[in-house]
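Have a look at the structure below, then the notes.
Letters A, B, ... mirror the listed sequences (proteins, then strands); counts begin at 1.
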Amino acid sequence: MERRSFLKLAAGAGGFAATAGGLAAPALAQGAAARTLRFVPQANLANFDPIWGTQYVVRNAAMMVWDTLYGVNSQLQPKRQMVESEEVSDDGLVWTFKLRPGLKFHDGEPVLAKDAVASLNRWAVRDPMGQMIRGIQNELVAVDDRTFRWSLKKPYPKMLLALAKNNSPCSFVMPERIAKTDPFKQIEEHVGSGPLRFKRDQWVPGAQAVFERFDGYVPREEPADWMAGGKRVLVDRVEWKIMPDAATASAALQSGEIDWWETPLPDLVPVLRNDRRIKVDIADPLGNIGSFRMNHLFPPFDNVKARRAILMAASQEDYMRAIVGSDENLFKLLPSFFTPDTPLYTEEGGDILKGERRMDAAKKLLAEAGYKGEPITVLVAQDMAITKAQGDVTADLLKRLGMNLDFVATDWGTVGARRASKEPPGKGGWHIFHTWHAGADCINPASYTAIRANGDQAWFGWPKNEEIEAARDEWFAAPDLPGEKAAVSKMNKLAMDYGMWLPTGFFLSYQAWRSNITGIVKAPIPFVWNVAKA
Amino acid sequence: MFAYIVRRVLATIPVMAIVALFVFSLLYIAPGDPAAVIAGDQATPADVERIRASLGLDRPYLIRFGEWVWRILQGDLGTSIFTNLPVTRMIAQRIEPTLSLMVVTLGLAIAIAVPLGVIAAWKSGSWIDRLVMVFSVLNFSVPVFVVGYLLAYYFALQLDWFPVQGYTPISEGVGRWLQNLVLPAVALGGGYTALIARITRATMLEVLQQDYIRTARAKGAGQRTVLFLHALKNAAVPIVTVIGIGVALLIGGAVVTESVFAIPGLGRLTVDAILRRDYPVIQGVILLFSFAYVLVNLLIDLSYTLFDPRIRY
């Protein structure tokens, strides 16, 4: 007798079989399972407004439900998506966009120019590039049902990149009635015009989110390429299964209960590789950049010498091995603030991070900075493997530098709040915290908030350096790639000299899927279009 | 009896009020900021501040507490800061898996532990007794998540008897519902089973020394009758008390078990809410758990009259 038959019999003997129809899934359910892609995302989908909440997991889900006017492809080039054509005036001040015909929202209503206008208005309040455009905006108006016009006071050469970028928040298009919601309040309807529709009634935050193919979606003719091209959905349904426990997700993938796991832990990858039914590959080629962020407001890190002492002494290899383990395919040393293997990548000024670590010179610099053994408050989120690993390496580094460590072991929720404090470190503030930046955010200065040096307005740590800001402006104004490269090189050198923060290295992660799944690509977002299940 | 029940139910009101005050105050002073979590890692401090203001988190303690209490008095637990869903709806989505897990665990634990304890007491000092005690110590000593992983590895991955994870609602069939719950219930119930088995054994040992047991035997009562009719009934009060107290253990254990087996229950909802600082959800769930615990204790107290007619309320 087979095991399943035995169990079925046992259940029946217990009086259950009559009610349950046995333990085996009915044929109909099995057929449905074959058309359902079961995916374990990197995190819980706790909210679903990609403008209000800018977490990557929200953006990834939103990418299925809401379409964008433009989208970047794998060459990081902006390509038309909802837009059929665009025109820019000779002086670069007036952009006129025309929507593709036949675009429809999930409620059956046509996508109109007024929807795009309202959506851009909401997005522009929250997005750094959007805020720049708003700052130079004359007007943003619908001209007719399919045409809208954005007129500016100054040219903005990065307009298409702003509308195409994959950095959160993306400029998703929503119906006007929804897009009129205050950008600091959450939307209550999830109607988009993307290739899948969100099943709000089946959403159990923390457990599952369900998306069904939208048959009214009109894909572009070109082949799909990341956010660009024809987004053809080849399954009926995508189910996001939230699994906080990595070992459970690993076992579920092995048993075939899930099809695709976005972020397997490096420790579990060897187990998955040994299973012939599972494929493992790099998830996002743009990877991540680890961050050791210093508070520029208080001693010793208000002194550039102290910050450079850290850069001089820190071993990126130590950080990377702590994060990804011994798999050398998963990390690179990074004498740069920018994502390696991308068009603007530069190591200008990065020598301080290369070669042997110079502890003695670093100690000397610290002394010159006036450091006299004050406690250094390091916030370390223990509930995130990447921040914990970096925190442990930093603790060791500071001790070896003779610094007096105040190691605050806490959770990310607390770090997220405390890092915003500008109080002195001993009074609820901080000296150092760790995080990481998606490589996709660090390919250029457009949405790279961590590279800003505009003092009070800057990202946590509040660096202030007008030269770096000026170099950033040069990038925005650059009309071509050589101009952009020159600006980014300058920016990188200035930021390294200034010891803005310590990039702890570049690291990648794996994704894993059942071998009956095809069409999965390496990308910063787990794109479901063209993914099929045999 | 009725007056007693009414008094006990009324007594839950101040208990719940204290719990409410405690939970709200604790969360108010706890570090962390949901606005920072919502805004994401790339958000600027100004963005975080605006989100905090839009959520009303910048308002004074007393105003927020007053509003919360007023809503609760109207049966409204509020709306999740993150999901924008009513807390009552989120609890309703999650209550069935947790209740199912607890009921199956409770059933399984009692069905195993009570006979084991009785047998261990009956065969006190024998190898059976030692075996039961070794079983109990092992169950006490091994953490729930270790048992969970081992069970999932062997019975789900190797033998393919059960699914690794997930939950099937009972409305989709009792068989599939039970299939999903067996491994989590065994994992969660281990320590609980051990606790009940040990208490049953200890209490039974005491009862079996009583004169009326000797009298029953002298009257010719069979072993089964003596053990389960005379002795167990008289030993029941402490056993039932421990079962009641153990419900708190189950609630705590459910948090871990639901994570290991990816069961979408209240335990995971609580942990997720705490990590994100989703205050209305944390407050709602803790109030619910407190109420459930008070209720279970009331039921346990009332059940004493069934086992011991001398107890009167």
*Report the option among A:A252, A:A247, A:A420, A:G53 that has the most heavy-atom pairs separated by less than 4.5 Å from atoms of chain B.*
A:A252
*Where on B:L55 is there a heavy atom nearer than 4.5 Å to chain A: the side chain, the backbone, both, or neither?*
side chain
*Within a radius of less than 6.0 Å around CZ of B:F228, do more than 12 heavy atoms belonging to other residues, nucleotides or ligands occur?*
yes
*For atom NZ of A:K422, is the number of surrounding heavy atoms from other residues, nucleotides or ligands below 6.0 Å larger than 12?*
yes
*Among residues 273-284 of chain B, which residues come closer than 4.5 Å to chain A, judged by heavy atom distances?*
B:L275, B:R276, B:R277
*Around A:Q202, counting heavy atoms of other residues, nucleotides and ligands shown, do more than 12 lie under 6.0 Å from its CD?*
yes
*How about A:E188: does its CD atom have over 12 heavy atoms from other parts shown lying under 6.0 Å from it?*
no
*For the residue pair A:A207 and B:R94, what are the closest heavy atoms and their distance?*
N-NH2, 4.0 Å
*In Å, rounded to the nearest 0.5 Å, how long is the span from CZ of B:F145 to OG1 of A:T248?*
12.0 Å
_Counting C-beta onward and ignoring hydrogens, is there a side-chain heavy-atom pair between A:P205 and B:Q93 closer than 4.5 Å?_
yes
*Per-residue contact mode, B:R89 against chain A (heavy atom under 4.5 angstrom)*: side chain
*Please round to the nearest 0.5 Å and tell me the distance separating atom CZ of A:F48 and atom CG of B:L85.*
12.5 Å
*Can you tell which part of A:R452 gets under 4.5 Å to a heavy atom of chain B, answering side chain, backbone, both or neither?*
neither
*asked:* What I'd like to find out is whether the side chain of B:N84 reaches to under 4.5 Å of the side chain of A:W52, using heavy atoms alone.
replied: no
_Could you check whether atom OH of B:Y153 has more than 12 heavy atoms from other residues, nucleotides or ligands sitting under 6.0 Å from it?_
no
*Any donor-acceptor pair under 3.5 Å linking the side chain of A:S255 with the backbone of B:V164?*
no
*Would you check if B:I51 and A:R126 make a side-chain contact, meaning some heavy-atom pair closer than 4.5 Å?*
yes
*In Å, rounded to the nearest 0.5 Å, how long is the span from CD of A:Q186 to OG of B:S54?*
10.0 Å
*chain A contacts, top residue of B:V48, B:L157, B:I81 (heavy-atom pairs, under 4.5 Å)*: B:L157
*Given side chains that start at C-beta, do those of B:T83 and A:W203 come closer than 4.5 Å, heavy atoms only?*
yes
*Under 3.5 Å: donor-acceptor pair, side chain of A:E257, backbone of B:Q165*: yes
*When you look at OH of B:Y154, are more than 12 heavy atoms from neighbouring residues, nucleotides or ligands closer to it than 6.0 Å?*
no
_Quick check for you: among A:D456, A:I242, A:D383, which has the greatest number of heavy-atom pairs under 4.5 Å with chain B?_
A:I242
*B:R268 side chain near A:P244 side chain, heavy-atom distance below 4.5 Å*: yes
*Residue list, ring-ring contact (aromatic ring centres under 6.0 Å, His included) with A:W240, at least two apart or on another chain*: A:F39, A:F211
_Shorter than 4.5 Å, heavy atoms on both sides: which option in A:A251, A:G256, A:A458 has the most such pairs with chain B?_
A:A251
